[in-house]
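Notes for the one structure printed next.
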There are 2 protein chains.
Amino acid sequence: MQAKALLKEHVLKIASITDEEFDYFFSHFKPETFKKGQSIISEGDVVDKEYFVIDGCLKAFFVNDEVKMYILQFAMPTWWASDYAALYNKTKATINVDCVSDAAILSLSNSDREKICSELHQAEHFFRWRTNKGYVAAQKRLLSFMNNDTKTRYEELLVLYPALYNTVPKHLIAAYLGVSRETLSRLYNSSK
Amino acid sequence: MQAKALLKEHVLKIASITDEEFDYFFSHFKPETFKKGQSIISEGDVVDKEYFVIDGCLKAFFVNDEVKMYILQFAMPTWWASDYAALYNKTKATINVDCVSDAAILSLSNSDREKICSELHQAEHFFRWRTNKGYVAAQKRLLSFMNNDTKTRYEELLVLYPALYNTVPKHLIAAYLGVSRETLSRLYNSSK
DNA sequence: TTCATTACGTGATGTAGATCACATTCGTAA
DNA sequence: TTACGAATGTGATCTACATCACGTAATGAA
């Protein structure tokens, strides 16, 4: 699907916006393409944009001192990604974002988002609800981390991201679940 | 501090709002008081309101099938609490909210929030940023869960909620950290 | 096609934290 | 003031998962 049509459909699920308003809204987005493995945000970068995925898959992840990687989020088409802590607070990136596959995205700068939010009430409405949903999802995942064992979280992951199974390397799945790749391997080989 | 002044100060940190607009905004909030131990939202309830804490401390928590409790959030003065998944999706509560101490709060119904957000652009702006901050905090906590051991998370907690230490029962601290009370006890008795 | 890198599987062992069990102290209501 | 339930401390086990170590299979660039 065309980038513009995909974003429009996405926005209309939340906000009432006229065709002219959407054209204006859309004019602030910039199409970009990336290759598999390419980095979009690296730790230490100044973060000025957030990204709406049209095609492909991104991952947002953190790497600790022992070079262990934790994946906060996979971003599939119609999902958003950035280092939001850095973007909102104007601090340097601590989260990385890169491409799990070739990807087509739309980028939106922080200042343009604030500009269209102040100019268009419905844009502000849209972004409020987008984050509301993100907040609920983050809280749900946190709870799952506290309450569920690895096997259960693995099964939840397959429901949330069915397209990931047999698509991305297993060690990325492990990094999302917060377990070692060895544990994940033993888990899905023994449990069926 | 007066409830109205506290909320006003809180809103003005994020949004530009005139005195008249704030008066209108505030008119949708309803003051309520609760006793220590009293329940505000119970699992299975219809959730229609969110709560802004004026005084005291609330906890938002989940109880699993084995009757083990996990605390998602403590809410201190100027913090908000509810079962947002239930509130936003109009589903039954899966999260409980109750009072760690006697508490004074302001309640705001879902429909009144949406009403003032549509009537007042600055209200929509305020709630967008409130949730933005909540989202970033939730993500940060998730990361801490994946990356840090219990002792580190315990020390983070003391920074985030210094008032909690020596104020709330230790088993609640344990329920926030996601460890057993025994483990927490050993931790802070051995580590100094 | 070859070679190197990355992904994946699996055994052996170590460890943080859960669970169970019980003793002690504290807080609050009568 | 007493008394009873809640909160806390601490030892003895048990277990899920990490880590290390190594071998094999798949992938991708020259």
Side-chain angles (χ1 to χ4, degrees), chain A residues 35-39 57 59 61-71 74 98-102 143-158 164-192, chain B residues 34-39 56-57 59 61-71 74 98-102 143-158 164-192:
Chain A
K35 287 285 172 196
K36 176 177 176 175
Q38 227 182 319
S39 177
C57 179
K59 67 176 196 282
F61 61 104
F62 173 76
V63 178
N64 73 4
D65 296 340
E66 292 89 48
V67 201
K68 214 164 134 174
M69 175 180 73
Y70 296 98
I71 295 180
F74 291 107
D98 71 17
C99 299
V100 173
S101 63
D102 290 358
L143 205 52
S144 179
F145 240 93
M146 296 201 277
N147 187 37
N148 297 138
D149 62 17
T150 303
K151 191 182 287 188
T152 307
R153 295 209 312 284
Y154 176 60
E155 280 150 17
E156 282 179 355
L157 174 69
L158 295 185
L164 282 188
Y165 188 69
N166 286 330
T167 302
V168 311
K170 299 279 181 277
H171 74 267
L172 293 186
I173 306 283
Y176 180 90
L177 296 175
V179 295
S180 68
R181 54 170 203 82
E182 293 96 329
T183 295
L184 179 65
S185 171
R186 284 183 249 266
L187 215 65
Y188 66 80
N189 285 326
S190 71
S191 74
K192 67 144 104 67
Chain B
F34 290 90
K35 288 286 173 195
K36 175 175 174 178
Q38 227 182 319
S39 176
C57 178
K59 67 177 198 280
F61 62 103
F62 173 77
V63 179
N64 72 6
D65 296 340
E66 292 89 49
V67 201
K68 214 164 134 174
M69 175 179 72
Y70 296 99
I71 294 180
F74 290 108
D98 70 18
C99 299
V100 173
S101 63
D102 288 359
L143 205 52
S144 179
F145 241 94
M146 294 201 278
N147 186 38
N148 298 138
D149 61 17
T150 303
K151 191 180 287 188
T152 307
R153 294 208 312 284
Y154 175 60
E155 280 150 17
E156 281 180 354
L157 173 69
L158 294 185
L164 282 188
Y165 188 69
N166 286 330
T167 302
V168 311
K170 299 278 181 279
H171 74 267
L172 293 186
I173 306 282
Y176 180 90
L177 295 175
V179 295
S180 68
R181 53 170 203 82
E182 292 96 329
T183 295
L184 180 65
S185 171
R186 285 182 249 266
L187 213 65
Y188 66 80
N189 284 326
S190 71
S191 74
K192 66 149 108 65

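What you are looking at is a predicted structure, and each value in this text was computed from that prediction instead of being measured.
Within residues 171-179 of chain A, the residues having any heavy atom under 4.0 Å from DNA chain C are, by residue number, A:His171.
Remark on DNA chain C: of its neighbouring residues B:Arg153 and B:Lys36, the 5'-side contact belongs to B:Arg153, judged by nearest-heavy-atom nucleotide. Positionally, the nearest nucleotide of DNA chain D for A:Asp149 lies more toward the 5' end than for the other of A:Asp149 and A:Arg181. Nearest-nucleotide assignment on DNA chain C puts the 5′-proximal partner with A:Pro169, out of B:Thr183 and A:Pro169.
Regarding A:Leu184, its CG atom lies at a distance of 13 Å from the P atom of C:dT10, rounded to whole Å. Distance CZ (B:Arg186) to P (D:dG9): 11 Å, rounded to an integer number of Å. What separates OH of B:Tyr188 from P of D:dA7 is a distance of 13 Å, to the nearest Å. The CD-C1' distance, from B:Glu66 to C:dT19, rounds to 13 Å in whole Å. As a whole-Å value, the separation of A:Met146 CE from C:dA18 C1' is 16 Å. In this structure, B:Leu187 places its CG atom 12 Å from P of D:dG9, rounding to the nearest Å. The nearest whole Å value for the distance from the NZ atom in B:Lys35 to the P atom in C:dA29 is 11 Å. At whole-Å resolution of the value, NZ in B:Lys170 and P in C:dC26 are 13 Å apart.
Residue A:Thr150 has no polar side-chain atom (N or O) positioned under 4.0 Å from OP1 or OP2 of D:dA16. Using a 4.0 Å cut-off, no side-chain N or O of B:Lys151 falls inside it from OP1 or OP2 of C:dA16. The shortest distance between the side-chain N/O atoms of B:Lys68 and the OP1/OP2 oxygens of C:dA18 is not below 4.0 Å.
For the atom pair CZ of B:Phe61 and CG of B:Asp98, the computed distance is 4.0 Å after rounding to the nearest 0.5 Å.
Residues B:Cys99 and B:Phe34 share a closest heavy-atom pair of SG-CB, 3.4 Å. Between A:Leu164 and A:Phe74, the closest heavy-atom pair is CD1-CD1, 3.2 Å. The heavy-atom pair separating B:Met146 from A:Ile71 by the smallest distance is CE-O, 4.0 Å.
Judged purely by atom type and a 3.5 angstrom limit, A:Asp102 has no side-chain atom pairing as donor or acceptor with the backbone of A:Lys35. Side-chain atoms of B:Arg181 do not come within 3.5 Å of backbone N or O of B:Ala174 as any donor-acceptor pair. Remark: the backbone N or O of B:Gly56 is not paired with any side-chain donor or acceptor of B:Ser101 at under 3.5 angstrom. For the pair A:Asn147 (side chain) and A:Leu143 (backbone), a donor-acceptor distance under 3.5 Å is absent.
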Output, in order, the C-alpha distance, side-chain angles, deciding distance and verdict of side-chain contact (heavy atoms from CB on, under 4.5 Å) for B:Tyr188 and B:Lys170. CA-CA 10 Å; B:Tyr188 66 80; B:Lys170 299 278 181 279; 3.1 Å; yes
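An end-to-end axis angle of 50° holds for the helix from C:dT1-D:dA30 to C:dA30-D:dT1, taken from five base pairs per end and rounded to 10°.
The base of C:dC8 has none of its N or O atoms less than 3.5 Å from a complementary donor or acceptor on the side chain of A:Glu182.
A side chain to side chain donor-acceptor pair (under 3.5 Å) with A:Thr152 is found for one member of A:Asn148, A:Thr150, A:Asp149 and no other, namely A:Asp149.
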